[in-house]
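Before we start, here is the structure in question, set down as structure tokens.
Only heavy atoms go into these numbers, but all of them, side chains included; no hydrogens, no water, no symmetry mates. Starting from 1, each residue takes its place in the sequence as its number.
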Amino acid sequence: MKRYLQVAELLRQQIQDHKLRPGDPLPSLRNQCESLKVSKNTIIHAYQLLEAEGLIEPRARSGYYVCHTPLQQTINVAPRPVKLGGLALSIISAASRMDLVPLGSADPESRFPARRQLYQTLARGARHRSEHQHNSNHYQPPPGDSLLRARLALHLSETAFDCQPQEIIICNGAQEGISLGLRAVAQQGEIIAVESPCFYGTLQCIEALGMKVLEIPSVQGEGINLKLLEDALKRWPIKALMMNPNINNPLGFQINSCRQAELMRITAPYDLPIIEDDVFGEMGYQSQRISPLKALDNSGRVVLCGSFSKTLDTDIRIGWVVPGRYYEEVNYIKYVTTIASPGLLQESCAHFMADRRYSRHLRTIKRTYKQRRDQFLNDLNRLIPREVSYSQPEGGYLCWLELPHYCNGDRIYEQALAAGIAITPGSLFSTGAEYQHCIRLNFAQYDGTSEISHALTRVSRLVEEELDNGEN
């Protein structure tokens, strides 16, 4: 059992035995760390878990207290349309600016050798096409290049779940895959359940399709609240569940096999389609990846979406969908919307995957990102004020920071941008104001250089100034 779960169980038992009574303050983070011999983040995660269970509650500038009455474990909002506005586009635009230190958009490190090898393969393919006249020149129609599908199927079968080439459809990145999946299982005006916080790209996709969203809270380190999901399925006509269970964006957790099985059990009576965003799924720090939900899918209702964007390069707009029973619908929608994905890119990715180069690259980036995570969290722990909690990513390169509720992450974003630093405000990760006090940081390039270290120091100072302003 993870250490924070042990701490949470200890405190839970003290509350149940009335050793901690309603209204009693919990010991400070410092005192708990010293008495239990654990880190600050362990205590924070334990407190967050108990808060999610309704046993304790935070009070501004005063710490945590035992609740007088347990918080009602229900979803307090109805399904609602998504209206995020143009802030997300400005985040993406800022990420492309060479004058900004990249602590914002979820882009991978661009200096790995595999990225250069991929573009060399692409260049050779382009030269070959320019020098040889083909008898015909046509689209690479869905479901896509047969060699790429075969190599993806082999890779997925060896690492994640049994997969055949004929089950895969190539698309323009995972974002298109998610859109195709949503359009195959739901119509305009219908309800999609999502984890909360939820990646803003997913919310924008739901917005563009005119669907409604029902946000179900996630528990830090655990994933979507399964009790609330079960209640929501009984209450609302939910058409699909949109999930990012393995290396979640933005929280960085991966749900374990037991919770995966429970999620599949809860949704089975409703025959609920699940669209699984797996773009970070292969980037867990452990040697062998945790299988996706798709591995437990015996009825074809899980639509798995993946891509090379987070592992190789964001500009390689090649992704894939394994849509199960929705194969024909997804394949047709792909054809009538974008007709095809670029054949040259598909061929290049297929050739790149030869000789297990992609598998070796994954091992390299997981090792590197884990090292950078450790360095980043060590510096963050030293720099960030004690009132701020932050995630302990289990893979990938994203870290979620939660400030006291009176703080404004949008304001920190604007101030960081003015200082030449790109970050992502938490307000984007919900249709409401639930995460206005949060920010997300990217440590993909956090290699200890002075520029990026100074940028984190500057962001930490902006956070401290926001805390001070909120007190006044």
Ser287 to Lys366 - nearest heavy-atom pair and separation: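 Smallest interatomic distance, heavy atoms only, reads O-NZ, 3.5 Å.
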
Would one find more than 12 heavy atoms of other residues, nucleotides or ligands at under 6.0 Å from atom CD of Glu158? yes

Answer yes or no: is there an ion pair linking Arg151 with Asp145, defined by an N-O contact shorter than 4.0 Å?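 Here Arg151 does not pair with Asp145 in a salt bridge, since their nearest N and O are not under 4.0 Å apart.
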
So, taking the atom named CD in Gln32 and the one named OG in Ser39, what distance separates them when rounded to the nearest 0.5 Å?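 The distance works out to 12.0 Å.
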
Out of curiosity, Leu180 CG to Asn331 CG, how far, rounded to the nearest 0.5 Å?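 Spacing of CG (Leu180) from CG (Asn331) equals 9.5 Å.
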
Mark yes or no for whether Arg259, through its side chain, and Ile224, through its backbone, hold a donor-acceptor pair below 3.5 Å. yes

Quick check, are the ring centers of Tyr397 and Tyr446 under 6.0 angstrom apart?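 Between Tyr397 and Tyr446, the centre distance exceeds or equals 6.0 Å.
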
I'd like to know whether the aromatic ring centres of His437 and Tyr406 sit less than 6.0 Å apart in this structure.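 That pair fails the under 6.0 Å test.
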
Tell me whether Tyr335 at atom OH has more than 12 heavy atoms from other residues, nucleotides or ligands lying less than 6.0 Å away.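 At most 12 heavy atoms, drawn from other residues, nucleotides or ligands, come within 6.0 Å of this atom.
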
Give, for atom CG of Leu226 and atom CZ of Arg265, the distance between the pair rounded to the nearest 0.5 Å. 9.0 Å

May I ask you to check whether Trp400 and Phe253 place their ring centres under 6.0 Å from each other? no

Kindly compute the distance separating CD1 (Ile43) from OG (Ser389), expressed to the nearest 0.5 Å. 13.0 Å

Using a distance-only test with no angle check, is there a side-chain donor-acceptor pair under 3.5 angstrom linking Glu9 and Gln14? no

Assess whether atom NZ of Lys212 is packed by more than 12 heavy atoms of other residues, nucleotides or ligands within 6.0 Å.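 No, not enclosed.
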
Check whether any side-chain heavy atom of Tyr358 sits under 4.5 Å from a side-chain heavy atom of Leu312, and report yes or no. yes

Taking everything shown except Tyr270 itself, do over 12 heavy atoms lie less than 6.0 Å from its OH? yes

Gln166, CD: over 12 other non-hydrogen atoms inside 6.0 angstrom: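 Yes, enclosed.
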
Scan side-chain atoms only and decide if Glu282 and His155 contain a donor-acceptor pair under the 3.5 Å cut-off. yes

Strictly distance-based, threshold 3.5 Å: is any side-chain N or O of Asp278 a donor or acceptor partner for the main-chain N or O of Cys305?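 Not confirmed, Asp278 side chain does not pair with Cys305 backbone.
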
Quick one, Asn225 and Leu229 - any side-chain contact, counting heavy atoms below 4.5 Å?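 When only atoms from C-beta onward are counted, Leu229 and Asn225 do not touch, as no gap falls below 4.5 Å.
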
Could you tell me the separation between the CD1 atom of Ile170 and the CD atom of Gln346, rounded to the nearest 0.5 Å?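 That separation rounds to 5.5 Å.
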
In plain terms, say whether Arg325 and Asp271 are close enough for a salt bridge, that is, a side-chain N and a carboxylate O under 4.0 Å apart. yes

Just how far is it from atom CG of Leu5 to atom CZ of Arg12, taken to the nearest 0.5 Å?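 That separation rounds to 8.0 Å.
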
Could you tell me whether the side chain of Ile290 reaches within less than 4.5 Å of the side chain of Gln260, counting heavy atoms only? yes

Heavy-atom distance under 4.5 Å between the side chains of Val194 and Ile206, does that happen here? yes

Any donor-acceptor N/O pair, Asn41 side chain to Tyr390 backbone, under 3.5 Å: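 Yes, the answer is positive, given that a donor and an acceptor are paired below the 3.5 Å cut-off.
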
Of Val459, Leu462, Thr424, which meets side-chain contact (heavy atoms from CB on, under 4.5 Å) against Ile439?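 That would be Val459; it is the only one of Val459, Leu462, Thr424 passing the side-chain contact (heavy atoms from CB on, under 4.5 Å) with Ile439.
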
Under 3.5 Å, is there a donor-acceptor pair between the side chain of Asn246 and the main chain of Ser291? yes

